[in-house]
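Notes follow once the structure below has been shown.
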Protein chains: 2
Amino acid sequence: MQKQEVTIYDVAREAKVSMATVSRVVNGNNNVRKETRDRVLAVIDRLHYQPNAVAQGLASKKTTTVGLIVPGFTNLHFAELSQGIDDIATMYKYNILLSSVENKLLEDDQVIQNLLNKQVDGVIYMSNQMSEKARNALIRTNTPVVLAGTMDSNPDFGSVAIDYEEAERTALNILYQDGKRNLALVLNDERAYVNDAHRVKAYKEFIAEHNLNSHIYPQVKSYEDGYKVFEQMHEDKIDGAIATRDMTAAGILNAAQDAGVKIPEELELISAASTMVAEIVRPKMTTIRQPLYDIGAVAMRMLTKMMNNEEVDDLHITLPLEVIEANTTLNK
Amino acid sequence: MQKQEVTIYDVAREAKVSMATVSRVVNGNNNVRKETRDRVLAVIDRLHYQPNAVAQGLASKKTTTVGLIVPGFTNLHFAELSQGIDDIATMYKYNILLSSVENKLLEDDQVIQNLLNKQVDGVIYMSNQMSEKARNALIRTNTPVVLAGTMDSNPDFGSVAIDYEEAERTALNILYQDGKRNLALVLNDERAYVNDAHRVKAYKEFIAEHNLNSHIYPQVKSYEDGYKVFEQMHEDKIDGAIATRDMTAAGILNAAQDAGVKIPEELELISAASTMVAEIVRPKMTTIRQPLYDIGAVAMRMLTKMMNNEEVDDLHITLPLEVIEANTTLNK
DNA sequence: ATGAAAGCGCTAACAG
DNA sequence: CTGTTAGCGCTTTCAT
């Protein structure tokens with residue numbers, strides 16, 4: 001950090017007013033005569049004065065900064081979400097302080113405490129399950145929080161997501177109606193990702209209801225994992241599968257084709273989180289699409305309201321999902 | 001931002017020392033008797049004291065925050081770079097203030113000015129060409145800057161990248177040695193991306209040297225653009241192409257296959273920026289790989305040195321590139 | 001409409 | 001080794 005060339009004090013002196021007046025001008029306070037305002041503005045312009053946001057933050061107890069907690073960057077899923085968040089944040093002049101919590105030595109409560117120390121005005125959390133400790137720190141400091149991409153009914157936090165149980169049922173129904181009876185659910189990490197837990201719940205209900213055998217493949221996290229898990233799925237005679245991530249679905253798809261399995265005749269595949277990857281693979285992947293950009297944008301918008309102490313009509317928003325039937329299902 | 005429950009002052013009173021002493025133990029200053037330190041630490045623990053980073057920033061003129069400027073989030077290319085940056089930043093206890101400059105109403109100088117107002121200790125810039133105005137603001141405030149993924153010899157800024165001209169020549173040589181003579185260069189945006197300009201330079205030199213015809217396809221920015229541009233390439237009888245982005249390369253690849261063109265026999269394809277996408281498509285894409293994670297990590301490491309006023313041996317680092325020959329080239 | 005003055009919570013000489 | 005004393009640059013009552 002460099003020494004600041006020109007401060008509010010310099011402007012005040014040059015414009016022959018008090019620093020309080022300069023502050024008013026800078027903050028758009030109306031209690032300034034137009035004449036005075038213009039004079040101050042001219043000096044600000046001439047001196048290239050720029051307010052020091054850190055000093056503003058200390059004095060006003062507002063930093064116009066929000067903390068964004070993501071599980072990692074390499075996941076396109078979260079890239080789209082971030083885009084929605086960033087666009088709205090920019091619109092409302094908030095900055096984003098970014099933290100990731102994957103493969104890290106840091107626990108989520110350390111990450112959150114750090115954000116809190118930096119005095120963020122609010123937090124968007126789009127990672128996996130939050131620890132009690134982290135949750136308490138957030139509540140104790142009374143910091144507004146919105147969970148993005150997570151179903152949650154906690155009254156302390158806002159949330160924006162789709163209905164993951166409905167997403168699962170929708171996908172299962174497609175497979176079932178195409179005559180598939182050996183249905184698999186390929187998961188990332190059930191314990192870490194709450195959404196996966198919802199999916200499991202809907203899956204188990206469906207399986208029970210239709211008297212089918214349960215085939216859950218956990219801990220399938222990457223393209224390679226997906227590629228590898230296919231072998232087991234093949235042994236298990238799976239004829240319809242739902243994967244919670246595009247990358248793993250792509251891995252299964254390619255492995256199946258390399259093994260000479262006909263898609264979708266012998267194996268139908270549905271990806272539950274859709275990114276560009278679903279469109280690039282051949283055949284194109286059928287997906288239950290979550291509106292990722294919208295989830296991010298709506299979450300950020302909700303957060304701005306909370307930070308501004310505005311009324312939030314609905315703390316828990318469920319966005320509609322979209323079914324995109326492509327060529328890894330029969331499309332009957 | 002909530003009112004701070006407990007301040008350094010409270011700790012001082014409870015521990016019966018001055019706030020200066022508390023400050024010392026918080027900052028790990030050795031000039032504190034072990035006994036005193038332990039007593040203060042105990043109080044800090046009991047009161048759950050957490051230092052206010054904003055106040056620290058104002059007083060010390062250091063925010064332990066760096067600005068990261070990216071061109072957008074949906075590009076996997078930059079996601080990997082960010083990962084490298086974030087890992088090192090976390091290691092050195094810096095936070096990342098994120099700004100994107102794509103499709104935005106904001107110019108880069110506004111984005112940078114905003115970051116400067118927030119008193120960031122340094123900036124990592126991994127976007128397209130920087131405006132004069134932005135550059136001057138950075139230099140005037142004496143803020144350390146590292147350009148990530150951009151070849152640059154500006155003595156004011158550090159830079160970490162691969163040699164994009166060499167990358168281009170390497171790719172061209174592969175195609176040429178496979179007997180291809182109608183070589184295309186598919187670009188994102190030559191004017192915006194400096195790297196593309198380097199590629200064009202190397203391409204034109206190669207074309208001239210070998211007496212070939214030049215085929216440059218500019219403004220191909222997305223998967224769809226790539227898919228569409230293939231038609232023109234087909235008319236132009238292109239038999240070897242280099243695309244600067246995986247997504248566009250994937251578009252061309254799929255379009256070609258949909259049109260019944262044999263890959264790689266009738267058309268060889270090389271992607272110049274490699275992400276997971278290159279591995280997912282079939283056939284697998286031959287790529288000239290940039291070590292994205294490393295570029296980010298090395299850039300951030302360099303920045304920490306600059307912020308710490310340490311000697312930086314080499315302000316402009318060129319990382320080695322890697323050729324991954326897969327199945328969109330003949331592999332002779 | 002404007003100014004004076006008191007902080008915001010912390011760091012950093014300087015003294016001792 | 002520890003305390004005292006100024007600020008850092010700005011916002012915000014409270015007067016006027």
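Numbers restart at 1 for each chain; the letters A, B, ... are given by sequence-line order, proteins then strands. We use all heavy atoms of the structure for the numbers below, so side chains are in, but hydrogens, waters and symmetry mates are not.
Applying the side-chain hydrogen bond (donor to acceptor under 3.5 Å, both in side chains) test to pairs two or more places apart or on separate chains, those with a residue in residues 151-160 of chain A are A:Ser159-A:His316. Under the salt bridge (Lys or Arg N to Asp or Glu O under 4.0 Å) criterion, no residue pair touches residues 17-32 of chain B, with sequence neighbours excluded. Applying the salt bridge (Lys or Arg N to Asp or Glu O under 4.0 Å) definition to pairs two or more places apart or across chains, those involving residues 45-58 of chain A are A:Glu14-A:Arg46.
With sequence neighbours left out, A:Asp38 forms a side chain to side chain donor-acceptor pair (under 3.5 Å) with A:Lys34. Residues satisfying the side chain to side chain contact (heavy atoms under 4.5 Å, CB included) test with B:Ala59, not counting sequence neighbours, are none. By the side chain to side chain donor-acceptor pair (under 3.5 Å) test, A:Glu310 pairs with A:Asn308, sequence neighbours left out. Partners of B:Gln290 by side chain to side chain donor-acceptor pair (under 3.5 Å), not counting sequence neighbours, listed by chain and number: B:Tyr164. In this view, A:Arg33 and A:Glu35, A:Thr36 satisfy the side chain to side chain contact (heavy atoms under 4.5 Å, CB included) rule, not counting sequence neighbours.
One finds a side-chain N or O of A:Thr21 lying less than 4.0 angstrom from the OP1 or OP2 phosphate oxygen of C:dG3. In this structure, A:Lys61 does not reach the D:dC10 phosphate: none of its side-chain N or O atoms is under 4.0 Å from OP1 or OP2. Using a 4.0 Å cut-off, no side-chain N or O of A:Thr7 falls inside it from OP1 or OP2 of D:dC8.
Of the possible donor and acceptor atoms, one in the side chain of A:Thr141 sits under 3.5 Å from a partner among the backbone N and O of A:Ala137. Of the possible donor and acceptor atoms, one in the side chain of A:Asp108 sits under 3.5 Å from a partner among the backbone N and O of A:Ser131.
Between A:Gln119 atom CD and C:dC10 atom C1' the separation is 12 Å, expressed in whole Å. For A:Gln50 and D:dC10, the CD to P distance is 11 Å, given to the nearest whole Å. Look at NZ on B:Lys16: it is 12 Å from P on D:dG3, rounded to the nearest Å. Atom pair A:Arg13:CZ and C:dT2:P shows a separation of 20 Å (rounding to whole Å applied). Here C:dC10 presents its C1' atom at 8 Å from CG of A:Leu58, a figure rounded to the nearest Å. In this structure, the CG atom of B:Asp38 is 13 Å from the P atom of D:dC1, given to the nearest Å. Following rounding to the nearest Å, B:Asn52 (CG) and D:dC8 (C1') show an atom-to-atom distance of 13 Å.
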Contact string for nucleotides 11-16 of chain D, one letter per nucleotide 5' to 3', B = base within protein heavy-atom range under 4.0 Å, S = sugar-phosphate only, - = neither, reads BBB---
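Taken over five-pair windows at either terminus, the axes of the helix from C:dA1-D:dT16 to C:dG16-D:dC1 are inclined to one another by 30° (rounded to 10 degrees).
Of the residues in residues 28-35 of chain A, A:Asn31, A:Val32, A:Arg33 come within less than 4.0 Å of DNA chain C through at least one heavy atom, sorted by number.
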Scan the side chains in residues 92-99 of chain A for donor-acceptor partners under 3.5 Å anywhere in the protein, sequence neighbours excluded, and list what turns up.
{"from": "A:Tyr92", "atom 1": "OH", "to": "A:Arg301", "atom 2": "NE", "distance (Å)": "2.9"}
{"from": "A:Tyr92", "atom 1": "OH", "to": "A:Arg301", "atom 2": "NH2", "distance (Å)": "3.4"}
{"from": "A:Asn95", "atom 1": "OD1", "to": "B:Lys118", "atom 2": "NZ", "distance (Å)": "3.2"}
{"from": "A:Asn95", "atom 1": "ND2", "to": "B:Asn114", "atom 2": "OD1", "distance (Å)": "2.8"}

